[in-house]
Amino acid sequence: MALRLYNTLTRSIEPFRPAHPPRVTFYSCGPTVYDFAHIGNFRSFLAADLLRRYLEFSGYSVRHVMNMTDVGHMVDDEAADGGGPDKLEVARQRLLESKKAGTLPAGVDLDPSDPLAVGSYYADAFLADARVLGLKVASEVQRDPRLMPRPTQYIAQMIALTQRLIARGHAYVAADGVVYFDVQSFPEYGRLSGNTLEQLRSGAGGRIDEANQAMKKHPADFMLWKPDPTHLMRWPSPWGEGYPGWHLECSAMALDLLAGGDQPTIDLHSGGEDNIFPHHECEIAQSCGATGQRFFARHWFHPRHLFVEGEKMSKSKGTFLTLRDLLAAGHGPAAIRLELIKTHYRSNANFTFQGLRDTERMTARWRAFVERGEASASDRPADESVVGEFAEAMDNDLNIAGALGAVNKWIGGVEEPSRADAALMRRLDGVLGVLERPEQADAALLAALGVTPQRQEVDAARVEQLLTDRRAARAARDFRRADAIRDELAAMGVEIKDSAQGTTWSVRRP
RNA sequence: GGCCGGAUACCCAAGCGGUCCAAGGGGACGGAUUGCAAAUCCGUUAUUCGCGGGUUCGAAUCCCGCUCCGGCCUCCA
């Protein structure tokens with residue numbers, strides 16, 4: 001029984017074999033910090049988190065690094081090598097306007113004239129969101145900041161890497177002073193994405209800025225360093241003051257943080273499917289070009305994109321939902337996490353509010369199961385066979401639907417959960433990470449994130465008064481009156497449950 | 001054009017040659033419970049797996065063809 005995982009590099013499902021078990025080195029391309037992350041971003045980060053948790057469940061010790069990109073990249077990438085306003089600059093302007101309009105969350109004291117502060121603002125927001133969703137690395141980073149590095153702290157390593165690539169004949173300084181990677185010096189270029197240099201050459205026509213092309217030896221040559229004394233964020237370098245190419249950071253950080261010493265390659269590398277080409281292709285070229293190794297990462301993991309209500313979402317279209325949007329609408333962290341991980345990572349998931357409601361029912365049932373079990377006096381041992389079924393499914397390229405099926409079948413078959421059943425569910429949840437999340441975001445959490453609930457707070461005193469009236473009406477067997485009160489509560493968005501222990505109420509979810 | 005996926009009930013979705021007259025979740029319907037509800041519990045809900053051929057004792061699962069759908073191919077997780 002061992003994990004078999006799809007590897008983009010070989011386009012097949014193959015046994016996952018780290019170089020030095022039980023250690024696993026895992027690098028994830030993380031978010032850019034020019035805006036709040038959307039749920040599509042989180043779907044892919046959570047897929048990586050699920051993989052990491054399952055590896056740990058399987059006995060591995062995982063060192064997981066996820067970067068947060070804070071080097072200002074260009075908005076206008078018609079020219080892949082830069083052009084248009086800087087994304088950080090755009091973010092800065094947006095925050096400046098928010099500040100003027102007074103819509104920045106209370107307690108935020110930010111100097112939007114400082115680009116690093118802008119990046120830090122969104123990086124902090126990302127970390128807060130990621131912790132709400134149970135992304136393990138976002139908690140670990142509090143103990144070890146190196147686990148979530150930022151490129152602006154790795155400029156020296158990027159420059160060194162560029163120098164090494166020039167020295168080894170994989171990069172050149174063009175007539176415009178820009179340092180380019182020479183793809184023709186690296187025959188493996190295209191291996192990951194299935195492209196060939198010929199295809200790239202013919203496909204490049206019309207999409208690439210002509211003036212820029214003239215400087216390069218091949219249309220697919222990509223920038224490593226661009227001297228530009230006018231750029232928002234710039235650093236001195238042997239090639240003049242400027243900024244690094246946007247693929248360079250991951251090579252520099254992954255090699256520095258994970259591939260040192262006895263391990264010249266890393267075991268696992270993840271990123272959204274859009275990263276396969278060109279980003280990861282270029283990372284491989286840079287890293288292998290510099291190290292001389294055949295591999296940079298031996299196993300590549302690429303979750304597919306998330307759709308929302310059947311529509312493709314994208315940052316540039318601005319059609320995205322953030323975690324904060326969902327929390328504001330009254331949805332809870334546990335169900336949001338499960339909803340984002342419950343579709344197989346290599347399928348396009350379609351986020352729908354109907355699906356989220358389905359998932360809320362499932363998490364509520366799990367929670368009731370664990371709470372009843374933990375309150376139980378029964379010492380009856382748990383039926384561990386569910387662990388085997390769960391692991392068998394997960395071993396099959398993270399077959400999450402099969403694993404959830406095993407869990408639900410097991411839960412459905414237990415008449416009255418014991419303490420051992422509850423403990424077993426908690427153990428499986430160590431992989432899923434759902435029950436460890438709160439069911440509802442409480443007021444303190446919402447305030448910490450600067451989220452304003454959409455729903456008006458209901459007047460609890462008024463509810464209690466109505467419930468008292470209803471109790472009296474029911475005692476008098478005046479059911480018309482009692483039902484009228486229930487309708488009135490429903491109109492306020494309050495649902496009630498009568499039980500032998502009395503009546504409880506809750507605010508209806510959207 | 002190149003590369004890569006997908007098509008299973010009302011919806012989501014597992015299944016990788018026999019143990020499948022096909023898991024699991026949601027929904028719907030019937031019942032228990034309730035003053036009535038809600039919640040909960042029990043039961044029912046695909047002789048069939050996009051279409052057509054083929055291989056095989058045996059196919060949702062393998063092969064061929066067809067029809068649809070989606071993703072990536074220098075913004076994006």
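Values in this document were obtained by computation on a predicted structure and should not be read as measured data. A, B, ... follow the sequence lines: proteins, then strands. Residue 1 opens every chain.
- Dashed line: the shortest gap from a side-chain N or O of A:T32 to OP1 or OP2 of B:rA77 is under 4.0 Å.
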Side-chain donor-acceptor pairs under 3.5 Å in residues 266-276 of chain A, sequence neighbours left out?
residue, atom, partner, partner atom, Å
A:D267, OD1, A:A19, N, 2.9
A:D267, OD1, A:R298, NH2, 2.4
A:D267, OD2, A:T25, N, 2.9
A:D267, OD2, A:T25, OG1, 3.2
A:H269, NE2, A:H280, NE2, 3.4
A:H269, NE2, A:E283, OE1, 3.3
A:S270, OG, A:S28, OG, 2.7
A:E273, OE1, A:R304, NH1, 3.4
A:E273, OE2, A:H305, N, 2.8
A:D274, OD1, A:H305, NE2, 2.6
A:N275, OD1, A:G272, N, 3.4

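- On the C1' atoms, B:rA13 is 30 Å away from B:rU55, given to the nearest whole Å.
- Across all strands shown, A:G40 has heavy atoms under 4.0 Å from base atoms, whether or not it also approaches the sugar-phosphate.
- Residue-level contact check: A:F351 touches neither bases nor backbone, having no heavy atom under 4.0 Å from any strand.
- When distances are taken from the side chain of A:P278 to each of B:rA23, B:rG25, B:rU74, the shortest belongs to B:rU74.
- Side-chain proximity of A:N396 to B:rA77, B:rC16, B:rG71: nearest is B:rC16.
- Atom CZ of A:F320 is separated from atom C1' of B:rC75 by 13 Å (rounded to the nearest Å).
- Among the protein residues, A:Q354 comes within range of the sugar-phosphate backbone only, with heavy atoms under 4.0 Å from sugar or phosphate atoms but none that close to a base.
- Two residues, A:I39 and A:F277, neighbour RNA chain B, and the one matched to the more 5' nucleotide by heavy-atom proximity is A:F277.
- Backbone-only engagement by A:G272 is indicated by non-hydrogen atom pairs under 4.0 Å involving sugar-phosphate atoms exclusively.
- Searching all strands for a Watson-Crick or G-U wobble partner of B:rC20 with both distances below 3.5 Å returns nothing.
- Distance check: A:D395 CG to A:F390 CZ gives 10.0 Å after rounding to the nearest 0.5 Å.
- For the P atoms, the distance from B:rC63 to B:rC69 is 24 Å, rounded to whole Å.
- Across the strands present, B:rG1 finds its partner in B:rC73; the criterion is a Watson-Crick or G-U wobble pair with both atom distances under 3.5 angstrom.
- To the nearest whole angstrom, the two P atoms, one in B:rG24 and one in B:rC16, are 16 Å apart.
- In this structure, the CD atom of A:E311 is 11 Å from the P atom of B:rG70, given to the nearest Å.
- One can place CE of A:M148 at 14 Å from P of B:rA77, the figure rounded to the nearest angstrom.
- Positionally, the nearest nucleotide of RNA chain B for A:N195 lies more toward the 5' end than for the other of A:N195 and A:P303.
- Neither OP1 nor OP2 of B:rA77 sits under 4.0 Å from any side-chain N or O of A:K312.
- Below the 3.5 angstrom threshold, one finds a donor paired with an acceptor across the side chain of A:D483 and the base of B:rG35.
- Pairing partner, B:rU44: B:rA28, with both Watson-Crick or wobble hydrogen-bond distances short of 3.5 Å.
- In this structure, A:Y54 has its ring center no closer than 6.0 Å to that of A:F16.
- Applying the 4.0 Å criterion to OP1 and OP2 of B:rA77, one finds that A:N41 has a side-chain N or O inside that range.
- Atom NZ of A:K342 is separated from atom C1' of B:rA13 by 9 Å (rounded to the nearest Å).
- As rounded to the nearest Å, B:rA59 and B:rG54 have P atoms that lie 12 Å from one another.
- A ring-centre distance under 6.0 Å is not found for A:F296 and A:Y27.
- Using N1 to N3 plus N6-O4 or O6-N4 for Watson-Crick, or N1-O2 and O6-N3 for G-U wobble, each under 3.5 Å, B:rA7 pairs with B:rU67.
- Taking only side-chain atoms of A:D358, from C-beta outward, the nucleotide of B:rG71, B:rC3, B:rG26 with the closest atom is B:rG26.
- With distances taken from any side-chain atom of A:W246 to the nucleotides B:rU74, B:rA77, B:rA14, the minimum falls on B:rU74.
- Distance check on atom P: B:rG53 versus B:rU61 gives 14 Å, rounded to whole Å.
- Atom NE2 in A:H269 sits about 13 Å away from atom P in B:rA77, given to the nearest Å.
- B:rC49 and B:rU8 are spaced 12 Å apart, taking the P atom of each and rounding to whole Å.
- Ring centers of A:F351 and A:F307: at least 6.0 Å apart, outside the cut-off.
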Between N or O atoms, less than 3.5 Å apart, protein on one side and nucleotides 37-41 of chain B on the other: list the pairs.
residue, atom, partner, partner atom, Å
B:rA37, N6, A:D498, O, 3.3
B:rA37, N1, A:D498, N, 3.2
B:rA37, N1, A:D498, OD2, 3.4
B:rA37, N3, A:R486, NH1, 3.2
B:rA38, N1, A:D498, O, 3.1

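- No more than 12 heavy atoms of other residues, nucleotides or ligands lie within 6.0 Å of CZ in A:R481, so this atom counts as exposed by the packing criterion.
- For the pair A:R191 CZ and B:rC4 C1', the computed distance is 17 Å after rounding to whole Å.
- The partner of B:rG35 is absent, by the rule that a Watson-Crick or G-U pair needs both atom distances under 3.5 Å.
- At most 12 heavy atoms of other shown residues, nucleotides or ligands fall within 6.0 angstrom of atom CD in A:E311.
- Here B:rU56 sits opposite no nucleotide as a Watson-Crick or G-U wobble pair (both hydrogen-bonding atom distances under 3.5 Å).
- To the nearest angstrom, P of B:rC11 lies 14 Å from CG of A:N350.
- Straight-line distance from the CD atom of A:E283 to the C1' atom of B:rA77: 14 Å, rounded to whole Å.
- Stacking between A:H38 and B:rA77 is absent: the ring centroid is not both under 5.5 Å from the six-membered base ring centre and under 30° in plane angle.
- The backbone N or O of A:L432 sits nowhere less than 3.5 Å from a side-chain atom of A:D429 that would complete a donor-acceptor pair.
- Not less than 6.0 angstrom separates the ring centroid of A:W225 from the ring centroid of A:F181.
- In this structure, CD1 on A:I336 lies 4.5 Å from CG on A:L326, to the nearest 0.5 angstrom.
- Distances from the side chain of A:F479 to the nucleotides B:rG5, B:rG35, B:rA23 place B:rG35 closest.
- Residues meeting the side-chain contact (heavy atoms from CB on, under 4.5 Å) test with A:A252, sequence neighbours left out: A:Q157, A:M158, A:L161.
- The side chain of A:R304 approaches B:rG70 more closely than any other nucleotide in the set B:rC3, B:rG70, B:rA14.
- Here the separation of B:rC73 from B:rA77, taken at their P atoms, is 13 Å to the nearest Å.
- Straight-line distance between the P atoms of B:rC72 and B:rC29: roughly 40 Å, to the nearest whole Å.
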